[in-house]
Asker: 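Here it is, the structure in full.
Order of listing sets the numbers, starting from 1, for every ligand and every atom in it.
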Amino acid sequence: MYPPARAGKPGRSPEEKQPPKKKLRARVGLAEKPQVVEIEVPEGELPVWDLDAKLKIVGKRVPPIEGPAKVMGQAKYTLDYTADDLPGLLYAKVLRSPYAHARVESIDASKAAALTGVKAVVLIDKGQGFNAPDALLDVVSDGPVSHPEDREVIFEGEEVAVVAAECEAIAEDALELIEVKYQRLPHVVDFEEARQPNAPLVRKGAHSNVVPGDPHVVGDIEKGFKEADVIVERTLRVPVLLHNSAEPHAAVAQWEGPKLTVWASTQGVNGFRDDLAKTFKMDKADVRVITQHMGGGFGSKFGMQNYGALAALMARRAGAPVKLAYDRHEENQAAGNRPNATMWIKLGAKKDGTLTALHCRAYGTAGVGRDASVTDIMTTVYKCANRKLEDSDVYTHVGYGMPMRAPGYPQGSFAIESAMDELARELKMDPLELRRKNFVDQPLLALDEMYRMGAAKIGWTRRGEMGPQSASPLKRGIGMGTAVWGNGAGPPAVSRVTITPDGGVESSMAVQDLGVGTRTLVAIVTAEELGVPVETVQVTIGDTRLELIAPDSGGSVTALSIAPAIRLAAAHARQELFKRVAPALEAKPEDLSSADGKIFIRSQPDKALSWREATGKLSAPVSGVGERLPNVAPYGDLPLWGVQFAEVEVDTETGLVRVVKIVAVHEAGRVINRATFEGQIHGGVMMGVGYALLERRTMDKPEGRVINPNLEDYKMIGPEELPEIEVLIVEPITPANNCGGKGIGEPCTVPTAAAIANAVAHALGVRIYELPLAPDRVLDALSAKKEA
Ligand code: MOS
């Protein structure tokens, strides 16, 4: 799961005295199936936005507030910064290894350094796949030009040297003037070959490229298979994917004396700032990271990484602001990827469909990096008493893998859902029925409702009429898969809301908007709590200088880590306002309430002041700070669920798969903004369709190069492949936090490819065990079936 445990970030230390608690009641779960729960929360906590909450804005469709600025081209992304913004801005370019494995025998950058317009040149002495930027100052060479010894590169695209120049063209020319003599060394880029005993070793000092992880074992797997009436055993494969965020990795760094400011395309201004401070041995207060608008990251933009480190380093060397932005080629060689996997899976079940054993052994490559594990989904998605899950990483001479939208889950989903369908076939059982037989026990679980709604919407009962028996060469099929993802939302998160005498409201937090609507969510929650229109709220985010800590945006945690803190901040600011205006209403502050742009006495709603009249009584702005309180156990740990159904049409003459429709049913507790919630699901489904049909990184094995590091040869989904996407929302309110919600960014991409693969298997009567479901694979499967 990502991001990793937030150790070391400011939060509550265990020794801190526990604040006094109070008991609250909340009516939660589904409106049709409400449950009253009693929860214990800190004294200062607000009542949960539960089923009885009368919400005016939350849950409606609010368009992104930065929409107009984006459409008008006024929204500034890191990529947009030029010398017009920062006079004297230099542009950095990276010289990258053309080889998958080589020793740098000599390097001479004197001609590059002498080129007019070049302001700094730095050589990287000992890389070895360096993406541990805190070691940066140890790996760069001292002088502007030196002759590093015994320097190896271990993937195509690894950083060798960096130049900063007055414009990009000069920087590129300078790269060509750097003379490097490489001695090529044996490489291995194929992960099956890398597992062989005689394969060239990727990591120095290792005895093998294979690194087994700790197995996850529950119950007794042998016993489980003995109890089974039916066993299926299959091997499935998925390719490496490339993130291809719209905006590449980019950073603009500026030093002012000992202080450093970096504008960055990052999923976490706080994590980026902390890394910079560590690398350059600075006080965090002297480092400022700003991310106003961002074109996505999908897991590839946590921490400072090489792009941030090198931008800051070059700016320091050159004594001028420096911009370093990767191009698409670099992005796809050396800035992360989703690991592939070969997954052997064995499932056992009783005649009635009850799972008795689940064994999965998987391996994949994250290139020179780690964590290709895929079996985590199998710990939660279905109930099974006996489980053994084994993951291994395989090192290859390729750019490092990175988390990518629900790391490991779409891979594992393809394995488990394919095996579940095969099991259903052996059991002569409806595949949906098999899922319903095996879902987990969990408080407030609404999965059965989701299965039912989704099945009705896709027309699951039409399945019988579909399949290979149709006379047409166009075969139809329907398949499904279950979505699950861990709920990681929680502290720390701190927010500040300020109300000004002119009626303005400012809501601030050092959180970043990856392009998903976080800014709008901040405005909605603030406006709802204060009872003012969304447009009243001015949102200030994306800047560590605010000193209002927020999580890095990963693991689907952002919305419900920050929303409860924002609510508290707004409530505290309102308290201050009530104190100041109570005399004017001849009331006590605690008897006042606010809604619909009015401040009124709760028991006499007619005695009211308009928002403007009330704030007009202020002699100075009033502020409130809100701190995210811990989740209410056990609700904060409960996973996020969903289910997706796919209908496909497969042309058996061309092998082309068309996804006709996806029905995506998801829950995230209380939905804050329906528009951006649906936007997440549309995006997640689109990525899943691309995974199912098109996307795969391809390597040139003899040369050790990425063949398709561009958007011509690496196929991503476009309008042509876009299915109809129907989003159904199930809203089981959780008492885990004061907003009643969870997250959505990742679960919505987990089962899409698996559901499509199951639909294709249904359409053809034969299964394809490898993604993408490309035409050649469809035709091969059909001819194999004919021969059988
Ligand atoms: Mo995500 S892969 O936690 O951005």
Asker: Using modelled atom types and a 3.5 Å cut-off, is there a donor and acceptor pairing between side-chain atoms of Thr544 and backbone atoms of Val269?
Answerer: no
Asker: Using modelled atom types only, decide if a donor and an acceptor are shared between the side chain of Glu667 and the backbone of Pro732 within a distance under 3.5 Å.
Answerer: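 No, Glu667 side chain to Pro732 backbone: no donor-acceptor pair under 3.5 Å.
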Asker: Quick check on Gly297 - does any of its heavy atoms sit under 4.0 Å from an atom of ligand 1?
Answerer: no
Asker: Tell me the contacting part of Ser556 for ligand 1: side chain, backbone, both, or neither, using a 4.0 Å heavy-atom threshold, strictly below.
Answerer: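 The answer is neither; Ser556 stays 4.0 Å or more away.
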Asker: Keeping the roles fixed (side chain from His249, backbone from Ser300), state whether a donor-acceptor pair exists under 3.5 Å.
Answerer: yes
Asker: Is a donor on one side and an acceptor on the other found under 3.5 Å between the side chain of Glu746 and the backbone of Ala406?
Answerer: yes
Asker: Using the salt bridge (Lys or Arg N to Asp or Glu O under 4.0 Å) rule, take Glu159 and Arg96 through it: C-alpha gap first, then chi angles, then the decisive distance, then the call.
Answerer: CA-CA 5 Å; Glu159 294 82 351; Arg96 297 179 178 278; 3.5 Å; yes
Asker: Could you tell me which atoms of ligand 1, counted from 1 in the order shown, lie closer than 4.0 angstrom to a heavy atom of Met404?
Answerer: 2 (S)
Asker: Quick one: does ligand 1 sit under 4.0 Å from the side chain of Phe302, the backbone, both or neither, non-hydrogen atoms only?
Answerer: side chain
Asker: What do we get for Gln267 next to ligand 1 when only non-hydrogen atoms under 4.0 Å count, side chain, backbone, both or neither?
Answerer: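 It is the side chain that touches ligand 1; the backbone stays farther off.
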Asker: Check each heavy atom of Glu746 against ligand 1 and say whether those closer than 4.0 Å belong to the side chain, the backbone, both or neither.
Answerer: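 Under 4.0 Å from ligand 1, Glu746 contributes side-chain atoms alone.
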Asker: Less than 3.5 Å between some nitrogen or oxygen of Gly555 and one of ligand 1, yes or no?
Answerer: yes
